[in-house]
Structure formats: C-alpha cells, structure tokens
There are 2 protein chains.
Amino acid sequence: MLRMRKSTVRPPEGLCPIGTCMQVLGGAWTPNIIWYLSEGPRRFSELKADMAPISAKVLSSRLKELEQKGVISRQVLDTSPPSVEYALTSLGGELVPAIRAIAKVGYRLKQEGGTGRPAPR
Amino acid sequence: MLRMRKSTVRPPEGLCPIGTCMQVLGGAWTPNIIWYLSEGPRRFSELKADMAPISAKVLSSRLKELEQKGVISRQVLDTSPPSVEYALTSLGGELVPAIRAIAKVGYRLKQEGGTGRPAPR
DNA sequence: CTGTATCCTGTAGGATACTG
DNA sequence: CAGTATCCTACAGGATACAG
C-alpha cells in the first residue's frame, strides 16, 4: 500500500557537497521526520501517527540512522509503558532552514505546476 | 559500477510540503544538476562530464523531468553537430538557495561526523 | 553530439508477525 | 509502547547498444 517512488540519492560525494547531505535527508520520510521534530521533541508513536502510512520498520531505521549521524537524540523515559523521545540535536537544528527552503520551493512548484517560463538569463 | 543508494522519496505530500519538493530534487543526481546549472547554462555532454559516472539515460531523464516541471529550460542550438543547452529557469533559480543550504549542512555533517551532542533544548 | 531502447540488478521500503 | 525479524517486490538506475 502506498507505493513510494524510489530514487538513488548518492552521487559520488566528491563532485559537490550535495551528496554528503543528501545522504542524510535522502531516505524516504527523512525530511518529514526532521520537519516534525522541528516543532519539538516527539515520541515514536507520535511520529508514526504524524507520518500516517509509514511503516514501523522504516521509521525505526530512519531514526536510528539520524541518531547515529548526530542529527537527532534518543532518550528513553522510564515510564510504564516505556516511551522514547526523539529530538533534534543542535546539528539537526541546522537542517531545519534547509528543509524550510525546500518546502518553500515546494509550494511554488505545486502552484506553478510546470509553467516553465524560460530563464531570465 | 558505482552502485548508488536508493531511497523512496515520496511521502504522501499532504503531510507537509516537503514531499512536493522532494519530488523535484529527490531523483538521483538531481541536486547536482541544479548545482552545476547554477553556475550557468551547460550542455548535455558538459553536464555528463561534470557528473562523472552518471549514465546518459539517467541524466537524460532527470533533465526531462526537470524541464517538464519548469525548473530548467532546454534550448537546441543549431550548430553542427547539434548541441543542446540547459539552464535554470527563474523558478529553478529559487531552488539554488535550498540546495546551498543543504550543501552547507553537508559540510558540517561531514566534519562533525556524528558527534551527536544532545539537543540544547 | 544528444539522446532513446533494452535488459538486468540491488535495494529501499511495504506488510505482517512477533518480542520486551 | 517501541521496536525487531522476515519475506517480498517494485522500481530507480547501471550497462550497453543503437539512432538522428
């Protein structure tokens, strides 16, 4: 259900700095995770709910990756039942402007829908 | 050769604006294309060379997609042999800051390499 | 030079079931 | 609740060959 478009997101890395970062937000849902965490810390199930049809497996692995890269932090709260809170690290916070920039253009793109005005050279 | 990491890049779109834009720069190499075009118009073979091991097929389809979305323009110059010049449209130009933001964080990410300082809450 | 047509493969990620 | 373990498959994209 909900087949998602795939794409390779790892150009050689040496070419330009893009690759490096795309490795971070290249994964499916990754930008969304950052997005939602930018509004404040959030628990696993909350994120899961936020992101509707994401599978636990994928959410879990994206979170693990991001944690390992120092983009988010994971804190186990010893409540019962146990809950885990994820939050952006300061490094992760730096991604937010980038994400917002992307989102901003996303809007325009959706509006213009492919008008394709020639470049203003 | 040069196996590239794949990832789905199309979260439901309704969730947050990210999806919309990730559809644009989600494809492999796509950010790089924008990146190189941001330095000025460029021909097919130049881009191909810029991006080293990209296959003609992929470059071609990415370019076609981007053109269709109004992000780049394609102009056939009637030289002999014929050459084609690609350039960012004004809309495409708006992607550049986003890309740069991504690139910027890319550097940091590479440097810090996963220090993972806890969030400053 | 600028692509398109095929064929083939790896792998991201969905579904589902199960654990602490 | 917060995951992990399996199994499975669609599809992005590499290689190669060919075309205008």
Subject >> Basic-acidic side-chain contact under 4.0 Å: B:K64, B:E67 >> reply: no

Original post:
Between B:S45 and C:dT2, does any side-chain N or O lie under 4.0 Å from OP1 or OP2?
Top reply: yes

**OP:** Give one of base, sugar-phosphate or nothing for A:K57, where a contact means two heavy atoms less than 4.0 Å apart.
**Re:** base

Original post:
Within this structure, what is the CD1-to-P distance between B:I54 and D:dG13, rounded to whole angstrom?
Top reply: 9 Å

**OP:** Nearest whole angstrom, please: distance from the P of D:dT4 to the CD of A:E65.
**Re:** 13 Å

Original post:
Of the candidate nucleotides C:dC1, D:dG14, C:dT4, which contains the atom at the shortest distance from the side chain of B:K64?
Top reply: C:dT4

Enumerate the protein-to-nucleotides 18-20 of chain D contacts in which both atoms are nitrogen or oxygen and the separation is below 3.5 Å.
none

Subject >> Spacing between A:L59 atom CG and C:dG14 atom C1', to the nearest angstrom >> reply: 14 Å

**OP:** Would you kindly confirm whether B:L77 and B:F44 end up in one hydrophobic cluster when ILVMFWY residues are joined by side chain heavy atoms under 4.5 Å apart?
**Re:** no

Original post:
Does the side chain of B:S61 come within less than 4.5 Å of B:W29's, by heavy atoms?
Top reply: no

**OP:** Could you grab the distance from atom CZ of B:R62 to atom CD1 of B:I34, nearest 0.5 Å is fine?
**Re:** 11.5 Å

Subject >> Between P of D:dG3 and CD1 of A:I33, the distance in whole Å >> reply: 12 Å

Original post:
Quick one: B:D50 CG to C:dT2 P, roughly how many Å, whole number?
Top reply: 12 Å

Original post:
Are OP1 or OP2 of C:dT4 and a side-chain N or O of B:S60 less than 4.0 angstrom apart?
Top reply: yes

Subject >> Distance (rounded to the nearest 0.5 Å) between B:L63 CG and B:I72 CD1 >> reply: 4.5 Å

Subject >> Nearest-angstrom distance from the residue atom CZ of A:R42 to P of D:dC1 >> reply: 14 Å

Subject >> Proximity to the side chain of B:W29 - top-ranked nucleotide from D:dG3, D:dG14, C:dG14 >> reply: D:dG14

Original post:
So which nucleotide from C:dC1, D:dA2, C:dG3 ends up closest to the side chain of A:V84?
Top reply: D:dA2

Subject >> Closest listed nucleotide, where the reference is the side chain of A:S83 and the choices are D:dG3, D:dC1, D:dG14 >> reply: D:dC1

**OP:** Give a yes/no answer on whether the side chain of B:R62 brings an N or O atom under 4.0 Å of OP1 or OP2 in D:dG13.
**Re:** yes

Original post:
Quick one: is C:dG3 close enough that its OP1 or OP2 comes under 4.0 Å of any side-chain N or O from B:Y86?
Top reply: yes

Original post:
Could you state the CG-P distance from A:L63 to C:dG13, rounded to the nearest angstrom?
Top reply: 13 Å

Original post:
Below 4.0 angstrom from OP1 or OP2 of D:dC1, is there any side-chain N or O of A:R43?
Top reply: no

**OP:** Could you tell me the separation between the CE atom of B:M51 and the P atom of D:dG14, rounded to a whole number of Å?
**Re:** 10 Å

**OP:** Please round to the nearest 0.5 Å and tell me the distance separating atom NZ of B:K69 and atom CG of B:L95.
**Re:** 10.5 Å

**OP:** Starting at CG of B:L59, measure out to OG of B:S45 and round the result to the nearest 0.5 Å.
**Re:** 10.0 Å

**OP:** Taking the side chain as every heavy atom from C-beta outward, state whether B:L47 and B:N32 have any pair of such atoms under 4.5 Å apart.
**Re:** no

